[in-house]
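I have placed the structure first, in the form of structure tokens, so that the comments after it can refer back to it.
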2 protein chains.
Amino acid sequence: MTALPALREDDIVAAIAAIVGSPSHGRVRLGIGDDAALWQPSRSHRSAITTDALIEDVHFSRATMSLSEAGRRAIAASSSDLAAMGARPVLATVALGVPAGAALEETLELFRGMATQARLDGLAIVGGDLTRSPLWMLSITAVGEVRPSNVKTRSGARPGDILAVTGPLGASRAGLEVAQRSLPLDATLAAEALQAHRTPAPRLREGRFLAASQHVTAMMDCSDGLSTDLARLCAAGDCGALLERVPVAACAVAVASALGTDAEHFALSGGEDYELLVAIRPRAFEHLASRFVARFGRPLEYLGIVSRERAINWSRNGRIEPMQRSGWDHFAS
Amino acid sequence: MTALPALREDDIVAAIAAIVGSPSHGRVRLGIGDDAALWQPSRSHRSAITTDALIEDVHFSRATMSLSEAGRRAIAASSSDLAAMGARPVLATVALGVPAGAALEETLELFRGMATQARLDGLAIVGGDLTRSPLWMLSITAVGEVRPSNVKTRSGARPGDILAVTGPLGASRAGLEVAQRSLPLDATLAAEALQAHRTPAPRLREGRFLAASQHVTAMMDCSDGLSTDLARLCAAGDCGALLERVPVAACAVAVASALGTDAEHFALSGGEDYELLVAIRPRAFEHLASRFVARFGRPLEYLGIVSRERAINWSRNGRIEPMQRSGWDHFAS
């Protein structure tokens, strides 16, 4: 008897998409498979919708994060999906499972965290469902709006496009390490890492800025680790990539060094950084990057180029080698 | 030391609404507390959004229902919330928690059930999130559209209005009893009860029909048991009710009789019947009820009248007595 091959989340999603079928009415403009789905409430408007689940001991642990921080992070993750569509957040609903032993105050603490982030992001929390559950379980759906001409999906990257991210990666994973153990670290870098893990900031303004450029051909958020997210962008665009540079956050470099491990691994596999991954027409990159740094005070980080060949290769130490996909996958073995 | 009083779900929701605050922008037209929230994507359009969680061993048991049926019922519950706003379903997102031991085929079975009901209701399943979870956990968000003039909330009932439901109640709870034990029952009635429990039909056409009448002053779905739902309708409208009649489904009467229990209890406390509860201006009731029966082939069931006094009373066996609230509440002790 041979073991069944482990299925990747993407394969399961593909099987689900086949069952669910194509949307039966023209109002739905984009279905399963992107950061958010899109529909058309009226001819001149597009709404984006995204759903994320956050489950205790799967997505977060109370040992490394308060309930208030878990609430903030859950809203930030939803806002990040809207940012990746170029959308402006409008509202969110929350399904919350509360363990039997929980105090009312704990439920309210979670909502205080969600309300704080929702105010920062311009989201109104408008409803939801409250239920008993074996452990803390949170499912957030967020809706945003985007001008039809500004919609960016994962699938538009073309060979020759420049790949970039809105900030260096790996900080969230570094923060998890800091929360889990005592490390000899500079206090400022330790605090930066913890903040990136516990209260990440969605790139909403950056998302709208990039979405407004006709030279941005694809956009998604980088929440499952660059190796997984880049593979998804390339699969959606039926292309490949040559990765020439992995921008790593300074705090991630420090944490990796303290642990004696590889900082690039945090960026490629860690996930939950919520930076935006974009493909940009090559002739427009330099101008857009200079406008980006002027606007946001930090660089649009160069990663590499989109290739016709579907493989994802990594130019490293003078050699080009295939990149392993090592990001977060709930269903891989 | 005295024990803390048990909080009702409604009290917790009120505390959450205070934390979350009022929506910061005018696009949101209706927030926490109704069957769905409403927003305004453009001047002439209203969108409705609703979220429901379904957790194994809390909301359903695999001993009494297949995963496919649980999926169907979860979509039906969301559609029912849209029906209660007078909305036409557009799309849904699904957050699914999959237990570690589950086979891919089980996940797909759940989605087949959801896809079946979504097709019946006109909902496109457009996305969501897939995660590991200690048990099956499903959170569905559905979006619908309603003409601004047709929106019905819970809060419009006025003294003198007639209270009615779109069908007799108690069948779902009767079906749960049939699924759990062997009862001496007519096979047709047993099948009816099981169907009501496992694959309930949301009253979408009825909801749109009633929403189109300016004489319908309030509407909600009757999913937590009539005693709880009527109390919510009255609290939202700052009024009370005199309940004169509890319409009970024939299969619920038969099951209650086989169990030697009270069939009205199934209707008042059982929940998950997904009929619509409406308040109607008294002069319009007769005409609307006759159009309803002509259109749908079954009566709009009279319940009683809305009173100025806030109490909910029940006229029963020639006496008027206060009605106890006995419906489903996740948080009451």
Side-chain angles (χ1 to χ4, degrees), chain A residues 7 9 12-13 15-16 19-21 23-25 27-28 30-34 36-37 39 41-42 44-45 47 49-53 55 58-59 90-91 93-95 97 104 107-108 111-112 114-115 118-119 122 124-135 137 139 141 143 145 330-331, chain B residues 7 9 12-13 15-16 19-21 23-25 27-28 30-34 36-37 39 41-42 44-45 47 49-53 55 58-59 90-91 93-95 97 104 107-108 111-112 114-115 118-119 122 124-135 137 139 141 143 145 330-331:
Chain A
L7 272 170
E9 198 172 329
I12 304 177
V13 169
I16 288 169
I19 287 172
V20 162
S24 52
H25 43 75
R27 308 296 283 278
V28 176
L30 184 67
I32 289 175
D34 218 294
W39 82 101
S42 69
S44 56
H45 291 73
S47 295
I49 187 165
T50 176
T51 291
D52 277 294
I55 295 176
V58 176
H59 297 91
V90 176
L91 56 87
T93 60
V94 176
L104 172 62
T107 297
L108 301 187
F111 267 93
R112 278 187 208 107
M114 287 194 281
R119 267 188 285 271
I125 296 177
V126 297
D129 194 14
L130 217 51
T131 173
R132 285 284 176 220
S133 169
L135 30 66
M137 182 226 93
S139 172
T141 298
V143 173
E145 290 180 337
H330 279 287
F331 294 89
Chain B
L7 272 170
E9 197 172 329
I12 304 176
V13 170
I16 289 169
I19 287 172
V20 163
S24 53
H25 44 75
R27 310 295 284 278
V28 176
L30 184 67
I32 290 176
D34 218 293
W39 82 99
S42 69
S44 57
H45 291 74
S47 294
I49 187 164
T50 178
T51 291
D52 277 293
I55 295 176
V58 176
H59 298 92
V90 176
L91 57 86
T93 60
V94 176
L104 172 63
T107 297
L108 300 185
F111 267 93
R112 278 186 207 108
M114 287 194 280
R119 267 188 284 271
I125 296 177
V126 296
D129 194 14
L130 217 52
T131 172
R132 284 284 177 218
S133 169
L135 28 67
M137 182 228 92
S139 172
T141 298
V143 172
E145 290 181 336
H330 279 284
F331 294 89

Q: Decide yes or no for A:I32 and B:V126: does some side-chain heavy atom of the first lie under 4.5 Å from some side-chain heavy atom of the second?
A: no
**Q.** Under 4.5 Å from any heavy atom of chain B - which part of A:L91
**A.** side chain
Q. With a 4.5 Å heavy-atom cut-off, do B:L104 and A:I12 have their side chains touching?
A. yes
Q) Closest approach of B:I19 and A:R119, non-hydrogen atoms and distance? A) O-NH1, 3.8 Å
**Q.** Interface moiety of A:A95 toward chain B, non-hydrogen atoms closer than 4.5 Å
**A.** both
Q) Taking every heavy-atom pair that is under 4.5 Å apart, which of B:A37, B:G128, B:S42 has the most such pairs with chain A? A) B:S42
(Q) What part of A:A118 gets within 4.5 angstrom of chain B, counting heavy atoms only: side chain, backbone, both, or neither? (A) neither
Q: Report yes or no: does A:H45 contribute a side-chain atom to a donor-acceptor pair with the main-chain N or O of B:P41 at less than 3.5 Å?
A: yes
Q) Which bit of B:M114 comes within less than 4.5 Å of chain A, counting heavy atoms only: side chain, backbone, both or neither? A) neither
Q.
Does any backbone or side-chain atom of A:R27 lie under 4.5 Å from a heavy atom of chain B? Answer side chain, backbone, both or neither.
A. side chain
Q: Under 4.5 Å, counting heavy-atom pairs only, tell me which of B:V28, B:L108, B:L135 racks up the most with chain A.
A: B:L108
(Q) Does any part of the side chain of B:T141, heavy atoms only, come nearer than 4.5 Å to the side chain of A:S139, both counted from C-beta? (A) no
Q: Identify which part of A:V20 has an atom lying under 4.5 Å from any heavy atom of chain B, answering side chain, backbone, both or neither.
A: both
Q: Please determine, among A:A53, A:S44, A:G33, A:G21, the option with the most heavy-atom pairs under 4.5 Å with chain B.
A: A:A53
Q) Below 4.5 Å, heavy atoms only, C-beta onward: do A:W39 and B:V90 meet side chain to side chain? A) yes
Q | Stepwise side chain to side chain contact (heavy atoms under 4.5 Å, CB included) test for B:I16 and A:L130 | A | CA-CA 10 Å; B:I16 289 169; A:L130 217 51; 4.0 Å; yes
Q.
Using heavy-atom distances under 4.5 Å, tell me whether B:S133 contacts chain A through its side chain, its backbone, both, or neither.
A. both
Q | Reported CG-to-CG distance for the pair A:D129 and B:D52, which is rounded to 0.5 angstrom | A | 5.0 Å
Q.
Less than 4.5 Å to any heavy atom of chain A: does that hold for the side chain of B:I55, its backbone, both, or neither?
A. side chain
